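Since the structure comes first, as structure tokens, the remarks are kept for the end.
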Amino acid sequence: MAKRKSGRDVHGIVLLDKRLGVSSNQALQEVRRLFNANKAGHTGALDPLATGLLPLCFGEATKVSALMLDDDKRYQVTIQLGVMTDTGDSEGKIVAEVPVPILDGVQLQACLQHFTGPIEQVPPMYSALKHQGKKLYELAREGKTVDRQPRAITIYELQLLNFDAELGQLTLDVFCSKGTYIRSLAEDIGHRLGTCGTVTALRRTKAGMFDLEQAYTLQQLQAMGFAELQNTLIELDVPLKAIPEVSLSTEQAEKIKLGQRIAFNGGMAGQVRIYSPQAFLGLGEILLDGKLAPKKLFLLENQTT
């Protein structure tokens, strides 16, 4: 006998302003309980030290979460120069302290320019990447270090927001591609400036098309009634708006829902969003032979409202 699902069928995305000191999974579970949702996931973890925008996906929206992992991100980060920790942030143990040289604006801007654009970055040991089947942070906690291959990333913008020479602290705005580790960037910037560095504060302000201004704190969500909570849900096709849209007849939509390819003369090719006259169905691909093939369909009939 199939196991009965616990909770409600809730489909959509909630933008959470994650607070300091909790893991992304803990934050997800707190909001999941508010909705009594039976299925949930997030779109890229924030460390407990980090705050800010954390998109949470419920129900069928969890099928979109993997696509959202590829989104560009924007962060505001504070870097303490002169200090290096084993984790790359202030939660770790101090492993080095190096004097901070006298720095002026020209030196700082030259350093930031060096890290702007396509660059290669070595991932930190305290990361979820795997080595021989084991996560790097698990090896790091055992006191082990392994060689990591540099990875190609892009820093689109790197702006100096503030430099406190007395405290040796830099505050930066970072707009970057997927796969960027801000802790590694902080360490590399410190080394480039002739010292070392570690992250003391990190706040995500943008993820893909979503901004922090759109997000809710846990306290705001807790204060809402059922109807208000439902209104915070963003429809799951919203983050897919950059993908071309095709509209089908009811007959065509029924065939697509059965997993069948259909003839489609839309004058385009490649990935598309598929809509029936009633609803968003999912993602498909228009093939070179002109047929439309379903690729990722969404089952939204059971949404509780």
Side-chain angles (χ1 to χ4, degrees), residues 14-32 40-57 65-66 68-81 83-96 115 121-131 134-146 148 151 153 155 158 161 169-190 196-208 210-212 215-218:
V14 173
L15 303 180
L16 178 69
D17 182 353
K18 189 188 86 68
R19 68 189 187 279
L20 183 68
V22 297
S23 69
S24 291
N25 185 60
Q26 181 180 339
L28 170 68
Q29 297 308 323
E30 289 171 339
V31 178
R32 179 181 183 175
H42 58 69
T43 60
L46 286 172
D47 295 334
L49 173 76
T51 66
L53 183 59
L54 182 65
L56 306 178
C57 296
S65 61
M68 295 172 68
L69 288 173
D70 292 340
D71 287 339
D72 298 329
K73 310 290 194 306
R74 187 181 287 273
Y75 299 90
Q76 184 170 307
V77 58
T78 300
I79 303 170
Q80 178 63 58
L81 298 176
V83 176
M84 185 174 181
T85 67
D86 58 355
T87 61
D89 59 36
S90 56
E91 293 192 327
K93 296 178 181 179
I94 295 176
V95 295
F115 291 102
Q121 184 184 72
V122 177
M125 276 300 300
Y126 277 85
S127 67
L129 297 177
K130 290 187 176 181
H131 174 76
K134 200 164 187 179
K135 292 180 179 178
L136 290 182
Y137 68 77
E138 294 174 336
L139 295 172
R141 287 170 181 167
E142 296 172 3
K144 299 177 182 177
T145 301
V146 298
R148 287 96 67 203
R151 304 198 308 175
I153 62 167
I155 307 293
L158 189 54
L161 300 180
Q169 288 185 345
L170 285 171
T171 301
L172 308 175
D173 179 76
V174 186
F175 181 36
C176 56
S177 68
K178 69 169 184 176
T180 301
Y181 286 93
I182 303 299
R183 287 173 290 140
S184 292
L185 180 64
E187 292 180 342
D188 292 343
I189 286 173
C196 52
T198 196
V199 171
T200 57
L202 181 63
R203 187 158 176 78
R204 185 191 284 163
T205 58
K206 188 175 178 65
F210 299 123
D211 291 304
L212 182 59
Y216 301 89
T217 65
L218 177 65

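Heads up: numbering here begins at 1 and tracks the sequence. Because the structure is a prediction, the values reported are computed rather than measured.
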Name all residues meeting the side-chain contact (heavy atoms from CB on, under 4.5 Å) criterion together with T171; count only those two or more places apart in sequence or in a different chain, and write none if there are none. Q76, T78, L161, N162
Could I get the full list of side-chain contact (heavy atoms from CB on, under 4.5 Å) partners for V122, not counting sequence neighbours? R148, P150
Give a yes or no on whether a salt bridge exists between K178 and D70, defined as a side-chain N under 4.0 angstrom from a carboxylate O. yes
Those residues that, when tested against T85, pass side-chain hydrogen bond (donor to acceptor under 3.5 Å, both in side chains) (two or more places apart): T198
Check the side chains of S23 and N25 for a donor-acceptor pair under 3.5 angstrom, ignoring hydrogens and angles. no
Sequence-distant partners of K206, salt bridge (Lys or Arg N to Asp or Glu O under 4.0 Å), two or more places apart: D211
Taking salt bridge (Lys or Arg N to Asp or Glu O under 4.0 Å) as the definition, give me every residue that meets it alongside E187, ordered by chain and number, with sequence neighbours left out. none
Shortest non-hydrogen pair, L16 vs A27, comes out as CD2-CB, 3.7 Å
side-chain hydrogen bond (donor to acceptor under 3.5 Å, both in side chains) filter on Q169, not counting sequence neighbours, yields Q80
Could you pull out all residues at least two apart from S177 that satisfy side-chain contact (heavy atoms from CB on, under 4.5 Å)? D72, I153, T154, Y156, T180
By salt bridge (Lys or Arg N to Asp or Glu O under 4.0 Å), which residues pair with R74, not counting sequence neighbours? E157, D173
Could you go through residues 42-53 and list every donor-acceptor pair under 3.5 Å that involves a side-chain atom there, pairing it with any protein atom two or more places apart or in another chain?
unit_1, atom_1, unit_2, atom_2, d
H42, ND1, G44, N, 3.4
T43, OG1, P55, O, 3.4
D47, OD2, R183, NE, 3.4
T51, OG1, R203, NH1, 2.9

Run the ring pair (Phe, Tyr, Trp, His ring centres under 6.0 Å) test against F210 and tell me which residues pass, sequence neighbours left out. none
